[in-house]
Amino acid sequence: MKILVPVKRVIDANIRVRVKDDHSGVETANIKMAINPFCEIAVEEALRLKEAGNAEEIIVASVGPAKCVETIRNGLAMGADRGIHVLCDASPEPLALAKILKQIVERESAGLVLLGKQSIDDDNNQTGQMLAALLGWPLGSYISSIAVNDGGFEIIREIDSGLEKLQLTAPAVMTADLRLNEPRYASLPNIMQAKRKPIEELTPDDLGVDITPRVQTLEVHEPPVRKAGVMVSGASELVDKLKNEAKVI
Amino acid sequence: MRILVISECEKGVLVPTTLNTITAAQQIGGEVDVLVAGHDCSGLAESMSGVSGVARVLCCEHADLENHITENLAGLIESLSKDYTHVMAAATTFGKALIPYVAALCDAQAISDISDVIDADTFVRPIYAGNALATVKSSDSIKMITVRATSFESASTEGGNAAVENVEATGANQNVHFIEQMLSLSERPELTSAKVVVSGGRGMKDGKNFEMLETLADKLGGAVGASRAAVDAGFVPNDYQVGQTGKVVAPDLYVAVGISGAIQHLAGMKDSKIIVAINTDEDAPIFQVSDYGWNEDLFIAIPELNDEIEPEM
Ligand SMILES: Cc1cc2nc3c(=O)[nH]c(=O)nc-3n(C[C@H](O)[C@H](O)[C@H](O)COP(=O)(O)OP(=O)(O)OC[C@H]3O[C@@H](n4cnc5c(N)ncnc54)[C@H](O)[C@@H]3O)c2cc1C
Ligand SMILES: Nc1ncnc2c1ncn2[C@@H]1O[C@H](COP(=O)(O)O)[C@@H](O)[C@H]1O
């Protein structure tokens, strides 16, 4: 089985983003970028499936500007076998992205696509679901465990009321939740080796996908800021304030 | 404008965020219909017909729909969507999985987690864990939307008089099999709709210590939540997690106990009306968003607080 892992380049999770003065978006110049944390978890899970003898090859793919190659190299340094970079000006909307990924899945005859559940910049939480719909493959969203068996995969999903166990027939699409695993660090030899692993470059046109956006961002604003309030020094003072000042208890 | 709201139910009981979604739909305007799909759900469909401002309730009863598997609902919603300009569900794990799936079947770009309605095509949604708010305009002929329930009031369950119509199920997907659900059952109010939420973080040190927070929550008639660190450490189950990747809550009172206030945690609770933080680190970022901060060891503070507050009558 070949596993495809789509990875996104995003602003590092530890950076506090700032909205640009012209309200066109957030400041990205000279800001630390990283692989989307959920994608890193997806790469790690693919590696574990391969190490357990359940997969032969892991392909990491990223769609976006030239710098996405760094994100692909990130996945390769963790242990993925090769990369695909679909070059375009910016990460496309989830629907267009899912169409691109569908083309790649079909070209590569992948048997499993492991995505992150959500990109931490746009917070879409859509691409995996859309890809499953387009491929007509079963969807395992928000998974925290995968067990490979004869028919396919037994997965556990994290849902609002607890956990849910499903059996998915292979091939399938899955999206990784935070607790699926703890990603490894790439070792120095692996980082060096990753530089020699192949990365194929394609464009949306090569794959016959129109990436014209359907949703336009008109403006981006800072949310209302909360002001720090007062400090209290004991339980009776706090309870008094909650009762008589804030009137919430 | 005709809007279809997908209701969510669990074991035949309505998940309250559906009512907030109906309010968001009413803000768009036009006719609002509600779909109730499940096994044994005609009672729920009947009660949804009383929700104020609902035009029609579509009821789809079938054993295949019992476990609300995305694939089994998607075909039904895709076929119904031809009559609608908007299809909406709450941004719960149910709605977040379902809406993009159906959107792709309809060749529409979904819009996630809207927190405000500007007009029928234009919405506000938080991005970057709520550190920015984007105003977005859709050019699709059908809008597929998930709704941030805490940003909209709950629709009244009284005063409506909608007709209930039955619709046919469209068949189950043979490649997905439900095995079981492991639900964490609680007598406490549901986290996302509770008026008071008491959350614990890594500072709690142990799952057993959450009993103190449960006592406090019970005295205040509230729910118990947690940070990711507390869930990852195994103190409490995953469904307690509040934040960018957990649940979004906006209660009247949020008490953060032994939680530092990482941006990903703030993303899930900073719209609470009043925030109280209890933390030994006076520089903890949580104090920057708290109305009342208490720089104290939680193992001293919580028992004191429990003694100070009389139980709910
Ligand atoms: C992609 C991504 C998504 C994430 N999503 C979420 C999310 O949805 N929700 C979430 O919560 N986090 C999320 N996180 C994790 C987040 O970044 C933080 O790591 C996490 O919130 C920290 O939890 P904490 O505050 O409990 O722990 P810590 O940051 O370790 O803070 C513990 C606090 O307890 C205090 N403390 C210790 N002992 C005591 C005591 N005896 N009395 C009083 N105070 C005490 C300490 O001073 C400290 O401030 C996410 C991270 C990433 C990268
Ligand atoms: N530009 C991209 N290139 C490759 N994969 C992506 C890209 N954007 C999103 N993804 C994948 O889709 C997942 C969910 O993203 P989203 O639907 O944007 O929240 C991510 O975790 C990635 O696995």
Side-chain angles (χ1 to χ4, degrees), chain A residues 11 13 16-17 19 26 93-95 98 118 120-126 129-130 132-134 138-139 141-142 144 154 158-169 177-179 214-223 226 228-232 234-236 238-239 241-242 246 248-249, chain B residues 10 70-71 74 92-93 96-97 100-101 103-105 109-113 127-140 173 175-184 220 228 232 237-239 245 247 252-253 263 270 273-274 287-295 304-305 308-309:
Chain A
I11 293 182
R16 195 185 177 96
V17 298
V19 172
V26 304
E93 287 174 351
L95 180 63
Q118 170 173 349
I120 63 159
D121 48 3
D122 297 324
D123 284 330
N124 291 316
N125 195 332
Q126 294 184 8
Q129 295 88 309
M130 290 187 149
L134 296 180
L139 166 69
S141 48
Y142 323 137
S144 58
E154 184 180 279
E158 296 206 350
I159 56 172
D160 284 340
S161 47
L163 299 169
E164 179 173 88
K165 197 184 272 184
L166 301 177
Q167 169 72 29
L168 308 181
T169 307
D177 214 317
L178 284 172
R179 275 169 286 276
R214 313 278 192 88
V215 176
Q216 190 194 348
T217 298
L218 302 181
E219 52 182 21
V220 174
H221 281 276
E222 298 269 358
R226 277 193 93 100
V230 297
M231 297 302 283
V232 299
S236 58
L238 178 58
V239 171
K241 287 200 180 326
L242 293 176
V248 287
I249 63 171
Chain B
E10 199 153 282
T70 298
E71 286 88 338
T92 56
T93 49
K96 287 190 281 196
Y101 192 101
L105 296 180
Q109 174 52 56
I111 302 175
S112 299
D113 209 18
I127 53 175
Y128 292 93
N131 285 308
L133 296 172
T135 306
V136 298
K137 186 178 164 78
S138 167
S139 59
D140 277 320
N173 185 312
N175 294 323
V176 185
H177 290 279
F178 178 83
I179 302 175
E180 61 176 328
Q181 280 186 345
M182 294 78 89
L183 303 184
S184 34
L220 299 172
R228 176 191 172 188
D232 282 359
N238 65 288
D239 51 291
T245 51
K247 288 181 182 157
D252 289 344
L253 173 61
I263 41 181
K270 73 178 162 51
K273 195 168 153 219
I274 296 291
F287 286 131
Q288 290 160 24
V289 299
S290 312
D291 299 280
Y292 304 110
W294 187 6
N295 183 205
E304 267 185 41
L305 205 50
E308 188 70 27
I309 301 171

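Here is how names work: the chains are called A, B, and so on, in the same order as the sequence lines, proteins then strands, and each is numbered from 1. All heavy atoms count here, side chains included; hydrogens, waters and symmetry mates do not. Here the structure is a predicted model, which is why all the values come from computation and not from measurement.
- Residue B:Asp252 touches chain A through both its backbone and its side chain, counting heavy-atom pairs closer than 4.5 Å.
- The shortest side-chain heavy-atom distance between B:Ile111 and A:Val215 falls under the 4.5 Å cut-off.
- There is no contact between A:Ala98 and chain B, counting heavy-atom distances below 4.5 Å.
- Put simply, of A:Ala235, A:Ala228, A:Gly229, A:Ser236, the one with the most heavy-atom pairs under 4.5 Å next to chain B is A:Ala235.
- Only the side chain of A:Leu238 comes within contact range of chain B, with at least one heavy atom under 4.5 Å from a heavy atom of that chain.
- Of the inter-residue distances, the one linking A:Gln167 atom CD with B:Ile179 atom CD1 reads 5.5 Å to the nearest 0.5 angstrom.
- The OH atom of B:Tyr292 lies 13.5 Å from the CE atom of A:Met231; values are rounded to the nearest 0.5 Å.
- Neither the backbone nor the side chain of B:Ala74 comes within contact range of chain A; no heavy atoms are under 4.5 Å apart.
- No side-chain donor from either of B:Ser139 and A:Gln216 sits under 3.5 Å from a side-chain acceptor of the other.
- In this structure, B:Val289 and A:Arg226 approach most closely via the heavy-atom pair O-NE, 3.1 Å.
- Proximity to chain B is limited to the side chain of A:Val19, based on heavy atoms less than 4.5 angstrom apart.
- Within the 4.5 Å cutoff, no side-chain heavy atoms of A:Ile120 are placed close to those of B:Tyr128.
- Contact of B:Ile263 with chain A is made through the side chain alone, with heavy-atom distances under 4.5 Å.
- Only the side chain of A:Val26 comes within less than 4.5 Å of a heavy atom of chain B; its backbone N, CA, C and O stay farther away.
- Counting heavy atoms from C-beta on, the side chains of B:Ser112 and A:Gln118 never come closer than 4.5 Å.
- Looking at B:Glu71, the atoms closer than 4.5 Å to chain A (heavy atoms on both sides) all sit in the side chain, from C-beta outward.
- Distance NZ/B:Lys96 to CD/A:Gln126: 11.5 Å, rounded to 0.5 Å.
- Between chain A and the options B:Leu305, B:Asn295, B:Thr245, heavy-atom pairs under 4.5 Å are most frequent for B:Thr245.
- At distances below 3.5 Å, at least one donor-acceptor pair connects side-chain atoms of B:Gln109 with backbone N or O atoms of A:Leu95.
- Looking at A:Gln129 and B:Thr70, their side chains never come closer than 4.5 Å, going by heavy atoms from C-beta outward.
- When each of A:Ser141, A:Ala13, A:Pro94 is checked for heavy-atom pairs under 4.5 Å with chain B, A:Pro94 comes out on top.
- Using a 4.5 Å cut-off between heavy atoms, B:Ser290 contacts chain A through its backbone alone, with no side-chain atom that close.
- Side-chain contact between A:Glu158 and B:Thr93 is absent, with no heavy-atom pair separated by less than 4.5 Å.
- Each of A:Val17, A:Val248, A:Val239 has some count of heavy-atom pairs under 4.5 Å with chain B, and the biggest count is that of A:Val248.
- Both the backbone and the side chain of A:Arg214 have a heavy atom closer than 4.5 Å to some heavy atom of chain B.
- Of the listed residues B:Asp140, B:Asn173, B:Asp113, B:Leu105, the one with more heavy-atom pairs under 4.5 angstrom with chain A than any other is B:Asp140.
- With chain A as partner, the option from B:Ala110, B:Ser184, B:Pro237 having the largest number of non-hydrogen pairs under 4.5 angstrom is B:Ala110.
- Side chain to side chain, B:Glu10 and A:Ser161 meet the donor-acceptor criterion of an N or O pair below 3.5 Å.
- With chain B as the partner, the residue from A:Leu163, A:Val220, A:Asp122, A:Asp177 showing the most heavy-atom pairs under 4.5 Å is A:Leu163.
- Contact tally against chain A (heavy-atom pairs below 4.5 Å) for B:Asn238, B:Ile274, B:Thr92: the top residue is B:Asn238.
- In terms of heavy-atom pairs under 4.5 Å with chain A, the best-connected choice from B:Gln288, B:Lys137, B:Lys247, B:Glu304 is B:Lys137.
- Contacts of A:Ile249 with chain B are made by side-chain atoms alone, with heavy-atom separations under 4.5 Å and no backbone atom involved.
- Of all the listed residues (A:Leu178, A:Ile11, A:Leu134, A:Leu139), the one sharing the greatest number of non-hydrogen pairs under 4.5 Å with chain B is A:Leu178.
- Ranked by non-hydrogen atom pairs under 4.5 Å with chain A, the options B:Gly293, B:Gly130, B:Ala104 are led by B:Gly293.
- Counting heavy-atom pairs closer than 4.5 Å to chain B, the top residue among A:Val230, A:Leu168, A:Asn125, A:Thr217 is A:Val230.
- Shown here for B:Tyr101 and A:Ala133, the closest heavy-atom pair between the two residues is O-CB, 3.4 Å.
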